Undergrad: 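Sharing a structure below in structure tokens format, with a few things to ask.
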Amino acid sequence: MSSESDLPPKMRPSAQVAPPKPRPRPQDPVEQEFWKRCQDGNLYFQRCGGCGCFRHLPRYMCAKCGSPEFSWERSSGKGTLFSWTVTHQALHPAFADEIPFVAALVELEEGVRMATRLIGCDHERLALDLPVEVEFELIGEDFRLPVFRLRES
């Protein structure tokens with residue numbers, strides 16, 4: 001029997017183990033705050049102190065009125081499927097076992113749209129405005145990533 005070193009690198013058993021899923025690595029403090037708040041198992045979005053508009057992606061000024069004032073508000077976590085694509089190629093080896101998966105754009109009740117993955121869904125059921133809700137996928141031992149699944153209306 002040959003040793004692992006006799007095999008091409010991609011065929012070695014050690015190369016067959018999927019790496020961990022990548023975590024977001026935000027550099028900006030407001031983006032860091034978004035991910036930090038996700039760790040309690042809830043979504044939070046910025047709400048403008050000037051006009052009351054919710055916003056996502058997090059930023060320093062409101063796109064509607066230009067106010068720099070905001071607070072973090074807990075989201076209902078409920079929304080609808082705005083757009084999607086079924087992905088058949090893993091762009092990162094950690095997702096290879098989940099192919100095909102649904103890359104989705106969800107419109108939340110607060111009016112913001114969020115890019116995400118839709119999990120636990122028969123691809124034949126996909127349609128605009130399907131009701132969805134947030135769920136948090138544990139990545140590693142200590143990081144929660146928001147994903148969505150269909151909800152019964």
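Source: prediction; values computed, not measured.
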Undergrad: If you round to the nearest 0.5 Å, how far is CZ of Arg149 from CD1 of Ile119?
TA: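 Separation between the atoms: 4.0 Å.
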Undergrad: Could you give me the CA-CA distance, side-chain angles and deciding distance for Leu118 and Phe101, then say whether side chain to side chain contact (heavy atoms under 4.5 Å, CB included) is met?
TA: CA-CA 7 Å; Leu118 186 63; Phe101 65 86; over 6 Å; no
Undergrad: With no hydrogens and no angle check, just 3.5 Å: does a side-chain donor-acceptor pair link Gln39 and Arg144?
TA: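 No, Arg144 and Gln39 have no side-chain donor paired with an acceptor closer than 3.5 Å.
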Undergrad: How long is the straight-line distance from SG of Cys62 back to CZ of Arg55, given to the nearest 0.5 Å?
TA: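 Interatomic distance, Arg55 CZ to Cys62 SG, rounded to 0.5 Å: 5.5 Å.
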Undergrad: How would you list, by chain and number, every residue that makes a salt bridge (charged side-chain N to carboxylate O under 4.0 Å, His left out) with Glu69, sequence neighbours excluded?
TA: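 Partners of Glu69 by the salt bridge (charged side-chain N to carboxylate O under 4.0 Å, His left out) criterion come out as none, since no residue qualifies.
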Undergrad: Rounded to the nearest 0.5 Å, what separates atom CD in Glu137 from atom OG1 in Thr116?
TA: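 If we round to the nearest 0.5 Å, Glu137:CD and Thr116:OG1 are 9.5 Å apart.
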Undergrad: Applying the 4.5 Å side-chain criterion to the ILVMFWY set and letting contacts propagate, would Phe148 and Leu105 be lumped into a single cluster?
TA: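 No, no single cluster joins them.
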Undergrad: Looking at every non-hydrogen atom in both residues, tell me the closest pair between Thr87 and Ala103 and how far apart they are.
TA: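 Nearest heavy atoms, Thr87 then Ala103: OG1-CB, 3.9 Å.
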Undergrad: In Å, rounded to the nearest 0.5 Å, how long is the span from CD of Gln89 to CZ of Phe95?
TA: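 So the CD of Gln89 and the CZ of Phe95 are separated by 14.0 Å.
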Undergrad: Does a side chain donor of either Glu73 or Ser75 reach within less than 3.5 Å of an acceptor in the other side chain?
TA: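 Looking only at side-chain atoms, Ser75 and Glu73 do not form any donor-acceptor pair under 3.5 Å.
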Undergrad: Hey, are the side chains of Phe143 and Cys38 touching, using non-hydrogen atoms and a 4.5 Å cut-off?
TA: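 Sidechains of Cys38 and Phe143: no contact.
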Undergrad: So, using salt bridge (charged side-chain N to carboxylate O under 4.0 Å, His left out) as the criterion, who are the partners of Glu133 when residues are at least two apart?
TA: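 Residues passing salt bridge (charged side-chain N to carboxylate O under 4.0 Å, His left out) with Glu133: none at all.
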Undergrad: Going by heavy atoms in the side chains, are Leu108 and Leu43 under 4.5 Å from each other?
TA: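 They are in side-chain contact.
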Undergrad: Any chance you could lay out the side chain to side chain contact (heavy atoms under 4.5 Å, CB included) test for Cys53 and Arg47, step after step, and finish with the verdict?
TA: CA-CA 6 Å; Cys53 186; Arg47 187 170 198 167; over 6 Å; no
Undergrad: Between Val147 and Val112, is there shared hydrophobic-cluster membership here, with clusters defined by ILVMFWY side-chain heavy atoms closer than 4.5 Å?
TA: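 Result: no, two separate clusters.
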Undergrad: Less than 4.0 angstrom from a charged side-chain N to a carboxylate O is my criterion; do Arg74 and Asp40 meet it?
TA: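 No salt bridge links Arg74 with Asp40.
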Undergrad: Keeping the roles fixed (side chain from Arg151, backbone from Val132), state whether a donor-acceptor pair exists under 3.5 Å.
TA: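 Checked: pair present.
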Undergrad: Extract all donor-acceptor atom pairs below 3.5 Å that involve side chains of residues 78-86 and protein atoms in other chains or at least two apart in sequence.
TA:
none

Undergrad: Partners of Asp129 by salt bridge (charged side-chain N to carboxylate O under 4.0 Å, His left out), sequence neighbours excluded?
TA: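 Listed in chain order: nothing, the list is empty.
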Undergrad: Which residues pass the salt bridge (charged side-chain N to carboxylate O under 4.0 Å, His left out) test with Lys36, sequence neighbours left out?
TA: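 Once residues adjacent in sequence are excluded, Lys36 has no partner under the salt bridge (charged side-chain N to carboxylate O under 4.0 Å, His left out) criterion.
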Undergrad: Specify whether Phe45 and His56 have parallel, tilted or perpendicular ring planes, treating 30° as the upper limit for parallel and 60° as the lower limit for perpendicular.
TA: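 Because their plane-to-plane angle is over 60°, the rings of Phe45 and His56 count as perpendicular.
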Undergrad: Any donor-acceptor pair under 3.5 Å linking the side chain of Arg59 with the backbone of Leu57?
TA: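 Yes.
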Undergrad: Could you check whether any side-chain heavy atom of Pro68 comes within less than 4.5 Å of a side-chain heavy atom of Tyr60, counting everything from C-beta outward?
TA: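 Contact flag for Pro68/Tyr60 side chains = no.
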Undergrad: Let me confirm one number: the CZ-CD distance from Phe54 to Gln46, rounded to the nearest 0.5 Å.
TA: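 Answer for the CZ-CD pair, Phe54 versus Gln46, is 11.0 Å.
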Undergrad: Out of curiosity, does Tyr44 fall in the hydrophobic cluster containing Val30 (side-chain heavy atoms, cut-off under 4.5 Å, transitive links)?
TA: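 Looking at the clustering, Tyr44 is in the same group as Val30.
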Undergrad: How would you list all residue pairs meeting salt bridge (Lys or Arg N to Asp or Glu O under 4.0 Å) that involve residues 88-105, not counting sequence neighbours?
TA: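 Every salt bridge (Lys or Arg N to Asp or Glu O under 4.0 Å) pair that includes a residue of residues 88-105, provided the two are not neighbours, is Lys21-Glu98, Glu98-Arg117.
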Undergrad: Does Leu150 reach the side chain of Pro131, with side-chain heavy atoms less than 4.5 Å apart?
TA: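 Answer no - side chains too far apart.
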Undergrad: Dump the intermediate steps for side chain to side chain contact (heavy atoms under 4.5 Å, CB included) on Cys48 and Lys64, then the final yes or no.
TA: CA-CA 9 Å; Cys48 177; Lys64 186 173 181 181; over 6 Å; no
Undergrad: So which atom in Glu110 and which in Ser76 form the shortest heavy-atom distance, rounded to 0.1 Å?
TA: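 Residues Glu110 and Ser76, closest heavy atoms: OE2-N, 2.8 Å.
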